[in-house]
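Quantities reported herein were computed from a predicted structural model and do not represent experimental measurements.
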Amino acid sequence: MEAMIKDMTDGGGVYDKEYYPFIVVPDEHIVGIPKELLMLAFSYARTKFYDLIKLSTWTDEQALEVSQTSLVMLLIGSENLTAINARKRLIIQNPETASLCQEFRVTTVILCSRLQKHSKSPLIWNYHKHIVSSLFSHFSRTSTYRERAKYIEDLCKSELQTVLVAAEHHPMNYYAWGYARWVFAGIYGSLLSSPSARYYSVVFVRKYIESIVRKIEKWCFLHASDTSAWSFFQWVLFMYVDCSHRDPADRIDDKCLLSKVVEVIQFATTVSLAHESAWGFVRRVVSDSDYVSDPERESFIRTINSYLRSRKADTYGTQVNEEDMSNKEKAMRQKQERILDNLRDKDVYVVGSCLNWIAVRTHLKNAGRINS
C-alpha cells in the first residue's frame, strides 16, 4: 500500500489516514480507489456475489453484501447485467424512497466518474433511467401539481448536469444524450401534458427551456465536433418552439429558432471551420419546413452560398522574399500553407454538402415524397 499511496500522491492526490485506503482529490471532489486494491476486492466480491444470488430471498445482512459486492463488480466492468439485475432485485425487495435515492446517488457517481467505459455504458444509463422513473412515480402519487412542477424542474437541472459531465468525459456520448431526451420528453413532457399546464406551459417554458437551449448551445460551441450534442441541441430547440406555440402554424419562423441558426452559421464560418457537426445542425433545421418558411430558407441559403464563394476564392500565398529565408523557414511556410489549403478544401466540401442536402430535402418535401 505504501508504494500505491506514493504513486497516487505524486499524481496530485491527498492521502489521509481518515480515508485509508482511499485517495482524496479535494479540488475536483474525487475519491480515488487504488486499482490494485479494487482488483483484490473483486476477487473476493465475485465469489461472494455469485453465492448470494442463488438464494431466493435475502436477509438484511445478505442484502447489504449483495449491494456491496455488486457495486465492486460494476466498478470493474460496466456491462455486468447480472450485477444490475441483482441491484434491481434489491429495490424490489425494499422499494422505499430512501433506498431509491441512495441508488440514484450511486448510479450518478458512476456515470460522472472518470472510469473509461462507465460514462458511455448503455446498461448503466438504462438502469439510471429505471431509478429516476421509479423516483418520479413515487413522488407523483402524493404531490400536488405545483410540488411536482418544482420537483421536475430540479430533477431536469441535476440530470442535465450529469449528462454534461458524462459527455465531457466521453465525447460523442450517444447514450447520455439519448437519456437527456427521455428526461425532457418523458419526465418534463408529462408536466406539460397535464390539464393544469395551460398557464404554466406558456410562462415556464419561456423561462426554463430557453435557458436550457442557451446552455446547450454554449456547450456545443465548446465541443464543436460532438455530433450527439448538436443533435440534442436541435431536438431541444424544436421542443422549445413546440411548447411555446400550441398552433403548428405559429411555429414557423420562431424568432428564437431563427436567431440560433444565425448564431450557429456565424460560429461555423468564423471559429469552427470545417466542422461537419455544426453544419449538420444547420442543414437539419433549415430544411425543416415545419419550422422554417421558404423565404427564410432562401435567405439562409444565400448567406451560406456567399460564404462558400468567398472560401473557394481564398488563397494563402503571401508576398514574401524567399531569398531572405532559410531552407527551414521555407519548409515551415510551405507546411503552413498546405495545412490552410487542406482546411479550406475540407470547409468547401462540408459547406457544399450542407447546401446540397438542403436542396435535395426541400425538393423531396415539395414533391410529397417525405414527411417533415
Side-chain angles (χ1 to χ4, degrees), residues 22 30-33 35 37-139 155-156 158-170 172-183 185-187 228:
F22 303 121
I30 293 173
V31 176
I33 305 173
K35 188 173 181 180
L37 187 66
L38 187 60
M39 293 304 297
L40 288 173
F42 174 73
S43 62
Y44 168 80
R46 187 178 184 279
T47 304
K48 188 70 175 177
F49 173 77
Y50 281 107
D51 288 340
L52 288 168
I53 61 171
K54 296 174 184 177
L55 303 176
S56 56
T57 58
W58 297 316
T59 64
D60 291 344
E61 184 179 349
Q62 289 171 335
L64 179 60
E65 287 184 319
V66 170
S67 176
Q68 293 172 339
T69 54
S70 61
L71 179 57
V72 171
M73 295 181 70
L74 278 177
L75 291 175
I76 290 292
S78 60
E79 301 303 314
N80 195 318
L81 181 60
T82 308
I84 292 289
N85 286 337
R87 299 187 76 83
K88 285 183 179 180
R89 188 175 154 191
L90 285 172
I91 293 174
I92 294 172
Q93 184 172 316
N94 182 23
E96 298 297 327
T97 304
S99 63
L100 284 170
C101 290
Q102 181 180 352
E103 197 65 11
F104 172 77
R105 289 192 292 269
V106 168
T107 53
T108 300
V109 168
I110 292 176
L111 290 170
C112 293
S113 70
R114 296 179 182 271
L115 295 171
Q116 187 175 7
K117 298 180 180 179
H118 291 65
S119 60
K120 201 176 182 180
S121 167
L123 199 62
I124 298 178
W125 277 112
N126 284 330
Y127 179 51
H128 188 68
K129 176 179 173 181
H130 170 75
I131 298 298
V132 171
S133 181
S134 300
L135 276 171
F136 179 65
S137 299
H138 273 248
F139 186 81
L155 178 66
C156 288
S158 68
E159 291 308 279
L160 180 61
Q161 189 59 37
T162 299
V163 168
L164 294 180
V165 172
E168 186 81 41
H169 291 166
H170 202 138
M172 272 65 105
N173 198 330
Y174 169 82
Y175 300 104
W177 292 110
Y179 171 76
R181 291 190 188 209
W182 173 80
V183 168
I187 302 293
S228 296

Which atom of [X] lies closest to which atom of [Y], heavy atoms considered:
| X | Y | result |
| --- | --- | --- |
| L74 | A83 | CG-CB, 4.1 Å |
| G77 | H118 | C-NE2, 4.3 Å |
| T162 | L111 | CG2-CB, 4.4 Å |
| W58 | L52 | NE1-O, 2.8 Å |
| T57 | Q62 | O-OE1, 3.9 Å |
| V66 | A86 | CG1-CB, 4.1 Å |

Look at atom [atom1] of [X] and say whether more than 12 heavy atoms of other residues, nucleotides or ligands are closer to it than 6.0 Å.
| X | atom1 | result |
| --- | --- | --- |
| R89 | CZ | yes |
| Y50 | OH | yes |
| Y179 | OH | yes |
| F42 | CZ | yes |

Distance (rounded to the nearest 0.5 Å) between [X] [atom1] and [Y] [atom2]:
| X | Y | atom1 | atom2 | value |
| --- | --- | --- | --- | --- |
| K48 | T69 | NZ | OG1 | 9.0 Å |
| K120 | W125 | NZ | CH2 | 12.0 Å |
| I124 | I84 | CD1 | CD1 | 5.5 Å |
| S67 | L90 | OG | CG | 6.0 Å |
| I92 | R87 | CD1 | CZ | 13.5 Å |
| K117 | L123 | NZ | CG | 13.5 Å |

So does N94 get a backbone contact from the side chain of S99, meaning a donor-acceptor N/O pair under 3.5 Å?
yes
For the pair S133 (side chain) and H130 (backbone), establish whether a donor and an acceptor sit closer than 3.5 Å, ignoring hydrogens and angles.
no
Are [X] and [Y] packed together at the side-chain level, in the sense that at least one heavy-atom pair is separated by less than 4.5 angstrom?
| X | Y | result |
| --- | --- | --- |
| M39 | I76 | yes |
| L164 | W177 | yes |
| R114 | S119 | no |
| L38 | L75 | yes |
| T82 | F49 | yes |
| N173 | S228 | no |
| K88 | I91 | no |
| L160 | V183 | no |

Run the side chain to side chain contact (heavy atoms under 4.5 Å, CB included) test on V132 and W182 for me, step by step, so that the C-alpha distance in whole Å, both residues' side-chain angles and the decisive distance to 0.1 Å come before the verdict.
CA-CA 11 Å; V132 171; W182 173 80; 4.0 Å; yes
As a quick check of understanding, evaluate side chain to side chain contact (heavy atoms under 4.5 Å, CB included) for Y175 and S121, giving each step before the final call.
CA-CA 7 Å; Y175 300 104; S121 167; over 6 Å; no
How are the rings of F104 and H128 set relative to one another: parallel (under 30°), tilted (30 to 60°) or perpendicular (over 60°)?
parallel
